[in-house]
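The figures here come from the full heavy-atom set of this structure, side chains too, leaving out hydrogens, waters and symmetry mates. Convention: sequence-line order gives letters A, B, ...; per-chain numbering from 1.
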Amino acid sequence: MSHQGLERVKPATTGPVYNARFRTICTPQPMQDKYLPADIERAAQQHWDSTEAFRVAADTTKPKYYCLSMFPYPSGKLHMGHVRNYTIGDVLSRFHKMKGFNVLQPMGWDAFGLPAENAAIKNQVPPAKWTYDNIAYMKQQLKSLGFAIDWSRELATCTPEYYKWNQWLFLRMLEKGVAERKTQVVNWDPVDQTVLANEQVIDGRGWRTGALVEKREIPGYYLKITDYADELLSDLDELEGWPERVKLMQANWIGKSTGVRFAFSHTVGDENGLIGDGKMWVFTTRADTIMGVTFCAVAAEHPLALHAAKSNPELAAFIEKCKHGSVMEADMATMEKEGLPTGLFVTHPLTGEQVEVWVGNYVLMSYGDGAVMGVPAHDERDFAFAKKYKLPIEQVVAVGDKAYSLDAWQEWYGSKDGHCVNSGKYDGLSYADAVDAIAADVAAKNIGEKKVQWRLRDWGISRQRYWGCPIPIIHCDDCGSVPVPDDQLPVKLPEDCVPDGSGNPLHKRLDFLHVDCPKCGKQARRETDTMDTFVDSSWYYARYATRFGADKMVDEETDYWMTVDQYIGGIEHAILHLLYSRFWTKVMRDVGLVSYREPFAHLLTQGMVLNNAFFHKPEGGGKNYFWESEIDIQKDAKGHITGATLKKDGSTLEHELTTMSKSKNNGVDPQSLIEQYGADTARFFMMFAAPPEQTLEWSDAGVEGAYRFLRRVWSFGHLFATEIRPQIGATRSLAGAKLPEELAAFRREIHLLLKQANYDLGKQQFNTVASATMKMLNAIEKAPRQSALAAEVLEECFGILLRVLSPLTPHISHALWLQLGYGNDILAAAWPEPLDAALVQDEIELMLQVNGKLRGSLRVPADATKDAIEAAAVAHEAAVKFMEGKAPKKVVVVPGRLVNIVC
RNA sequence: GCCCGGAUGGUGAAAUCGGUAAACACAGCGGACUUAAAAUCCGCCGCCGCAAGGUUUACGGGUUCAAGUCCCGUUCCGGGCACCA
């Protein structure tokens, strides 16, 4: 990567003087009595840089661990969500490194995208410059957090070295028929004459012009992810390391449904013949209700609708109206359902009755055949539609003897647990039997069959935008759409354009636009559409694992590192990014590039970091956001926000709790936290605040506590160096020694906490790992320290604490490990395991319940039998009191926990 | 609207397989040290009650010797809904 800010880290030939000292001295050395995070962190980071501690290569002598965090979009500054994400990844990476794994943790930049164009419009800066400047700044921020990243593998998706392979694989997909050109529906701003992203459509209007947005059909390239729908669904079962909820969301998104596709026949046609050869196809999962059809509805773009509109101005106007409004599913689902009859009729395939065809604004051309049968009695949406337009409703399914009423929709109307009624020969059949019988009957008439239908749609990757990967196609008047030959890749994006919001600036770049046709040599026009940025992020994990500069998309080293052992990123990516990556991987496999079929073995979906956002709703629609520094906030006694006003004019603002985002002016920059307290405090606090998968409402209350804790760790280190360690003799005597009870109890406590911490690390619950380290320090500070044996126990226990702490707070752990003489480099230390000998206990405490209520506790020998425990419990003072002279009916003994006397 | 999550003290949270609700912290209150402040250390800290005790995990039911945890229903909050990334 040749660009500024993206050069690979070069091995330092000569380290700073004190670094050499750090590496060679393993005996204790004088230490600062004050905790000075800035100095400690600078020294630790220089040590890691100079020793290239995190640069890794394939090594078959060790198990590998590829730990990947979702790469950031270079929006300008890191925010707390990034700190959370990358700290989680770093904790796992460092933990596994100490466990003996060969750990790869790379980092890069998801560098194409809309915000760079927005910044360009606002500041007149080319997106490239803005992006590379942001990368440089954010890279330095990441470095200051001390992440164990192999920076030699850094990549940015906006560099030709990277996106060349997007283009290359796209051409392979074209060859295989996985990519194809067809039409797509986009948001069109009629004033700016440009395509808008969903985000740029606010309340149905263009974000800059305020003009009513139109739907427009334009050509674009699609990747046939639906060809992989079956495999994407079934392979979910193999992803044992994925959260169930994510797999469920993906399965629902893919949306496999089995039903019947059949045709209503008709005689509607014009001079070109019958429309659709006289068949209007529909798909239904409720074929059992086919005898209850009272109307049909088609999408506004359906050929029958368009045909009817030719002679029906009212209908034409309605179809025109349907063209406005949103293309978003959420809007489609919540909008008022409207329709208009076409005056056309189709024939019911089984009854032969004439059924009227309506145009419905809720019917999607993109799902199935763009037409549906209407069974108002048993479909909630059809019911509402029929009531609104006074269409007949005919019950054809009964559940038990429940009475059907037209007054209001009831839950059971949509049930599949009933049987057919009013359905002629199908009466009495269950859902499954009726579907089978009806499918057989339409099949016999050759007008339908059982069919699997997917909710998943093909992936449209064409974007009418500048700052993205050029689609490698040349349009020739004679030859059509011609793929760019491989030897002319990459098609490089000019980096000096400044978009102004009025369409793709590439249209004005004649040096880019004008190109000779690769087939006939005539002057032709280069495709100006660029790829969806989800393409960039669909395979970056494989590129990290490829040797830098390889003139292949992926190389042999990829086989060593892939698949990713642990992937970490926000839950907001649970569907799209992860599904596209899975799809892309399967295509790469089918092209013969890789041998694995799934990219991510384990997935940790981090909860969002939320913050309040404050905004005005201006008249033209949309939201104007303000920074918290610009407003006054009113809170109630419990601290809940009750209102907010703008400082400059006192106007009232609305507020919402939402994800941190540059566009909402509610992102919190970690920089001040790092400068004030240091990276270790920021990291520790972030991990301590909540378990990683939980949504986190940002607050810095508690940062002081994390800082105080690290100061205490340092102070104890100092005390250990000056007062405790000197008591230790030349030979150690801890192993095999019988410890006095107080010392044994202390040591047991530390080893129990270690056991707990290891368990929690396995669960990836880092907040309780952090609290375990705090408990350890609390115990260590109170422990006996006035003997050689006590000093040895403390040496062991503090060593455990430093190692458990090191993934969370690597800098202070590095400094203390070195300066207290534990070893040269804590990264090379083995992860601690609890010792059985330290855990043994003679007596245990059981809780005592009477009728399920806690009444006391009793101490029993650790090896006491159930009978002995029961006898002791019944005789216990508190038990006798609360049993009030009644005889026990039952005594429940839960080993190691409690006794419950029921009387 | 549909799909997926979540809700526990003043606050962030803990509770591993249904078995001591509130660990560990933050904030607060009281005290020690200090000329003072900061820092540090000690103590208290769900609610009601003088106490004994009672009571408490969004709300309403249920299962169980035992429910924050399992089941049914409801409310509110967050994520996603295919062109934000």
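For A/Arg457, no side-chain nitrogen or oxygen approaches OP1 or OP2 of B/C81 to under 4.0 Å. In this model, the phosphate group of B/A21 is not approached by any side-chain N or O of A/Lys853 to a distance below 4.0 Å at OP1 or OP2. For B/C24, neither phosphate oxygen OP1 nor OP2 lies less than 4.0 angstrom from any side-chain nitrogen or oxygen of A/Asn778. Remark: A/Gln694 is not in phosphate contact with B/U8, judged by side-chain N or O atoms under 4.0 Å from OP1 or OP2. Phosphate proximity of B/U64 to A/Asn900: absent, as no side-chain N or O sits under 4.0 Å from OP1 or OP2. Remark: A/Asn851 is not in phosphate contact with B/A66, judged by side-chain N or O atoms under 4.0 Å from OP1 or OP2. Remark: A/Thr605 is not in phosphate contact with B/C4, judged by side-chain N or O atoms under 4.0 Å from OP1 or OP2. Side-chain nitrogen and oxygen atoms of A/Arg708 include at least one within less than 4.0 Å of the OP1 or OP2 phosphate oxygen of B/C26. A close approach under 4.0 Å does not occur between any side-chain nitrogen or oxygen of A/Thr695 and OP1 or OP2 of B/G6. Contact annotation: A/Lys763 side-chain N/O to B/A15 OP1/OP2 distance is under 4.0 Å.
Residue A/Arg712 is in sugar-phosphate contact alone, with no base atom involved, counting any heavy-atom pair closer than 4.0 Å across all strands shown. Across all strands, A/Trp253 comes closer than 4.0 Å to base atoms (heavy-atom distances). Residue-level contact check: A/Gln756 touches the bases, meaning some heavy atom is under 4.0 Å from a base atom.
Candidate nucleotides B/A85, B/A82, B/A14 were compared by shortest atom distance to the side chain of A/Pro115, and B/A85 ranks first. Closest to the side chain of A/Met249, from the set B/G78, B/G79, B/C83, is B/G79. The side chain of A/Arg463 approaches B/C83 more closely than any other nucleotide in the set B/A85, B/C2, B/C83. Of the candidates B/G1, B/A14, B/G79, B/A14 carries the atom nearest the A/Pro691 side chain, counting heavy atoms from C-beta on.
Under 4.0 Å is where a charged nitrogen must lie from a carboxylate oxygen, and between A/Arg463 and A/Asp532 at least one such pair does. Between A/Glu781 and A/Arg712 there is a salt bridge, with a side-chain nitrogen of the basic residue lying less than 4.0 Å from a carboxylate oxygen of the acidic one.
For B/G30, the base adopts the anti conformation, since its glycosidic angle falls more than 90 degrees from zero. Anti is the glycosidic conformation of B/C65, whose angle departs from 0 by more than 90°.
The interatomic distance linking A/Asn504 (CG) with B/C83 (C1') rounds to 14 Å, in whole Å.
Nucleotides of RNA chain B nearest to A/Lys782 and A/Gln464 differ in position, and the one nearer the 5' end is that of A/Lys782.
For the residue pair A/Glu845 and A/Ser857, a side-chain donor N or O sits within less than 3.5 Å of a side-chain acceptor on the partner.
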